[in-house]
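A quick write-up on the structure given underneath.
In what follows, chains are A, B, ... by sequence order, proteins preceding strands, each numbered from 1.
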Amino acid sequence: MDFKDQINIIERGVSEIVPDGGLAAKLKKVSEEKRPLIVKLGADPSAPDIHLGHTVVLRKLRDFQRCGHKIFFLIGDFTGMIGDPTGKSKTRKPLSREEVELNAKTYEKQIFKILDPDKTEIVFNSSWNAPMRFEDVLKLTSKYTVAQMLERDDFSKRYHAGDGITITEFLYSLIQGYDSVVLKADVEVGGTDQKFNLLVGRSLQREYEIDPQICLMMPLLEGLDGVNKMSKSLGNYIGIDEPPNEMFGKVMSISDEMIIKYFTLLTDVPSKDIQKMEEDMKGGTNPRDIKVKLAKEIIKTYYPEEMAHQAEEEFNRVFAKKELPDEIPEYHVGEKEVWVIKLLTDSGLSTSNSEARRLIQGGGLYIDNERVQDDKLVIECRNGMIIKAGKRKFLKLKV
RNA sequence: GGGGAGAUUCCCGAGUGGCUAAAGGGGGCAGACUGUAAAUCUGUUGGCGCAGCCUUCGAAGGUUCGAAUCCUUCUCUCCCCA
């Protein structure tokens, strides 16, 4: 593949490349050396459940693989075992060897839904960090200055605001950067929030007389709320392991403004087609229809295409036509007569009686398509009775 | 080593003796509307078979008819000076 094609593929969706135009030079260099690019990605060992936000970067790695390059998927288990104090959040509890290994397995299973295993090598930074002697660490710390550290916006703000910064936090950046030295990375990929760390890697490589890596930053993907970065802790994510129906619904719940960004970062739809959709929407095409396309494209990357269609049908049935879903979980009731509130709580539709009461008072409970408004109601259960709590929770009773 | 600030419900953040299950915002949930689990608007947001009761304001004690609010001790966070 010639450089131009490679660059086109690689630059899609990218937020920034440092240095500007450095990619072409690197490509030229490695092709002269008759070897693939070594592309590094550092992963947090404590969050092994991958969601679409993570896939933005993974898909970029896959782009590199399609151009014939090699990926080092680095699991930062060394840092993980110490416990990462990043930011203001309380120190995370250190991960044990077993946990790290378990998480690594999960990673493997999930990343290969996107990456090509033949061109991927999973490495652990503990394998070279753990044996380091204190003097090695000192040598490393001598390569970077406090002033350089304070260039990082986050550090600088916290420093001037008088918030604490631990030395460990400084060291984390160095450790990550040192990984690039060890791997002799040509390119490091990361989110825009990782820019500083990636640049540290670049500087350190220069200090250790290695040709400095290209830093390639991908935009952060906003989650379902359209505002915050997609993350598990905020609950605004779409997990890569989620069933198609769930994915479909969640994609449909993103705000209209996010559609184009999701297309660019999460699908293989060609850029010119995406542009056309953007124009269509401006021209009055219903964003809903474009979003349906998006949802199907995303599902297609993780499941057979057929399931994407099924998810669409299901969605239309349940939400557009307000009919019943295809499959409704069954709940076995012990007695014939049950107080509604108890039923809701026991079956898990609500977490407490009070919540169940609120649901009823808010008009969100339907039994056999009839709204229930009496929270004292005692139901006479029949086989096949349908309980609908809110928009998307259904239950079929079994006596 | 010395001095100071603070810890409130899922989160942020008001509240300095009763009217406080605790303002406001965020988030969540529900309803209406719709083109969708978009947007917007409205309601709701500790628990309990709930016109009542019980438990919450870092922890433990104490003062008081009555405490998130006052006192004592403790734990933890942060800042300033050295």
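- To the nearest 0.5 Å, atom CE of residue A/Met385 and atom CG of residue A/Leu395 are 12.0 Å apart.
- Residues A/Val181 and A/Gln205 are in side-chain contact: their nearest non-hydrogen atoms beyond the backbone lie under 4.5 Å apart.
- Taking the charged nitrogens against the carboxylate oxygens, A/Lys109 and A/Asp241 have no contact shorter than 4.0 Å, which rules out a salt bridge.
- With both pairing distances under 3.5 Å, B/rC57 is matched to nothing as a Watson-Crick or G-U wobble pair.
- Between A/Ser253 and B/rU36 there is no side-chain N or O to OP1 or OP2 distance below 4.0 Å.
- Computed from coordinates, the A/Lys342 NZ to B/rC50 P distance equals 14 Å when rounded to whole Å.
- Atom NZ of A/Lys393 and atom P of B/rA30 are 7 Å apart (whole Å).
- Inter-residue side-chain proximity for A/Asn245 and A/Asp326 is flagged as unmet; no heavy-atom pair is nearer than 4.5 Å.
- Using the Watson-Crick or G-U wobble rule with both distances under 3.5 Å, B/rG17 pairs with nothing in any strand shown.
- Among B/rA32, B/rG49, B/rU36, the nucleotide with an atom closest to any side-chain atom of A/Val378 is B/rG49.
- Look at A/Phe319 and the base of B/rA37; the rings do not stack under the cut-offs of 5.5 Å between centres and 30° between planes.
- Comparing the same atom, C1', in B/rA60 and in B/rA7 gives a spacing of 16 Å after rounding to whole Å.
- Note on A/Arg288: a side-chain N or O is less than 4.0 Å away from OP1 or OP2 of B/rU36.
- The phosphate of B/rA32 has OP1 or OP2 within less than 4.0 Å of a side-chain N or O from A/Arg371.
- A/Gln361 places its CD atom 11 Å from the C1' atom of B/rG43, with the value rounded to the nearest Å.
- The base of B/rC50 sits within donor-acceptor range of the side chain of A/Ser354, with an N or O pair under 3.5 Å.
- Side-chain atoms of A/Lys291 lie closest to B/rU36 of the nucleotides B/rA37, B/rC48, B/rU36.
- The side chain of A/Pro287 sits closest to B/rG35 out of B/rG47, B/rG49, B/rG35.
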Set out, line by line, the N/O atom pairs under 3.5 Å between protein and nucleotides 22-28 of chain B.
none

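- Following rounding to the nearest Å, A/Glu355 (CD) and B/rG43 (P) show an atom-to-atom distance of 20 Å.
- In this structure, CG of A/Leu344 is placed 14 Å from C1' of B/rG49, rounded to the nearest angstrom.
- Between A/Phe319 and A/Met252 there is no side-chain heavy-atom pair separated by less than 4.5 Å.
- At a threshold of 4.0 angstrom between heavy atoms, the contacts of A/Gly390 are confined to the sugar-phosphate backbone, with no base atom among them.
- Remark: the separation of the C1' atoms in B/rC81 and B/rG58 is 28 Å, to the nearest Å.
- B/rU8 and B/rA67 have their C1' atoms separated by 14 Å, given to the nearest Å.
- Looking at heavy atoms from C-beta onward, A/Tyr107 lies out of side-chain contact with A/Ile122 at the 4.5 angstrom threshold.
- Nearest nucleotide to the A/Asn353 side chain, out of B/rG31, B/rG49, B/rU36: B/rG49.
- With both pairing distances under 3.5 Å, B/rC41 is matched to B/rG31 as a Watson-Crick or G-U wobble pair.
- Nucleotide B/rA30 holds its P atom 6 Å from the CZ atom of A/Arg392, rounded to whole Å.
- B/rA21 and B/rU45 are spaced 12 Å apart, taking the C1' atom of each and rounding to whole Å.
- Contact annotation for A/Lys391: backbone-only contact, meaning every heavy-atom pair under 4.0 Å involves sugar-phosphate atoms and none involves a base.
- Side-chain proximity of A/Glu246 to B/rG49, B/rG31, B/rA37: nearest is B/rA37.
- In terms of position on RNA chain B, the residue among A/Gly364 and A/Asn316 whose nearest nucleotide sits closer to the 5' end is A/Gly364.
- Nucleotide B/rG49 is matched to nothing when pairs are restricted to Watson-Crick or G-U wobble geometry with both distances under 3.5 angstrom.
- Spacing between B/rU40 and B/rG47 at atom C1', rounded to whole Å, works out to 34 Å.
- The separation of B/rC71 from B/rU77, taken at their C1' atoms, amounts to 23 Å, rounded to a whole angstrom.
- Counting any heavy atom pair closer than 4.0 Å across all strands shown, A/Phe315 reaches a base atom.
- Between the side chains of A/Thr120 and A/Gln65, a donor-acceptor pair is found at a separation under 3.5 Å.
- Using a 4.0 Å heavy-atom criterion, one finds that A/Lys322 contacts the bases of the nucleic acid, with or without backbone contacts as well.
- Across all strands shown, A/Leu224 has no heavy atoms under 4.0 Å from either base or sugar-phosphate atoms.
- The NZ atom of A/Lys321 sits 11 Å away from the P atom of B/rU36 (whole-angstrom rounding).
- Nucleotides B/rC53 and B/rC19 have their P atoms positioned 14 Å apart, rounded to a whole Å.
- One atom, CD1 of A/Ile360, and another, C1' of B/rC50, lie 13 Å apart when rounded to the nearest Å.
- Across B/rG46 and B/rC11, the matching P atoms stand 13 Å from one another, rounded to whole Å.
- When Watson-Crick and G-U wobble pairs are counted only if both distances are under 3.5 Å, B/rA68 pairs with no nucleotide at all.
- Cation-pi geometry between A/Lys60 and A/Phe64 is not satisfied (NZ or CZ under 6.0 Å from the ring centre, within 45° of the ring normal).
- Of the residues near RNA chain B, A/Gly249 and A/Thr351, the one whose nearest nucleotide (by heavy atom distance) lies more toward the 5' end is A/Gly249.
- Of the options A/Lys70, A/Lys29, A/Arg35, a side chain to side chain donor-acceptor pair (under 3.5 Å) to A/Asp186 is made by A/Arg35 and by none of the others.
- Side-chain contact annotation: A/His54 with A/Gln110, donor-acceptor N/O pair under 3.5 Å absent.
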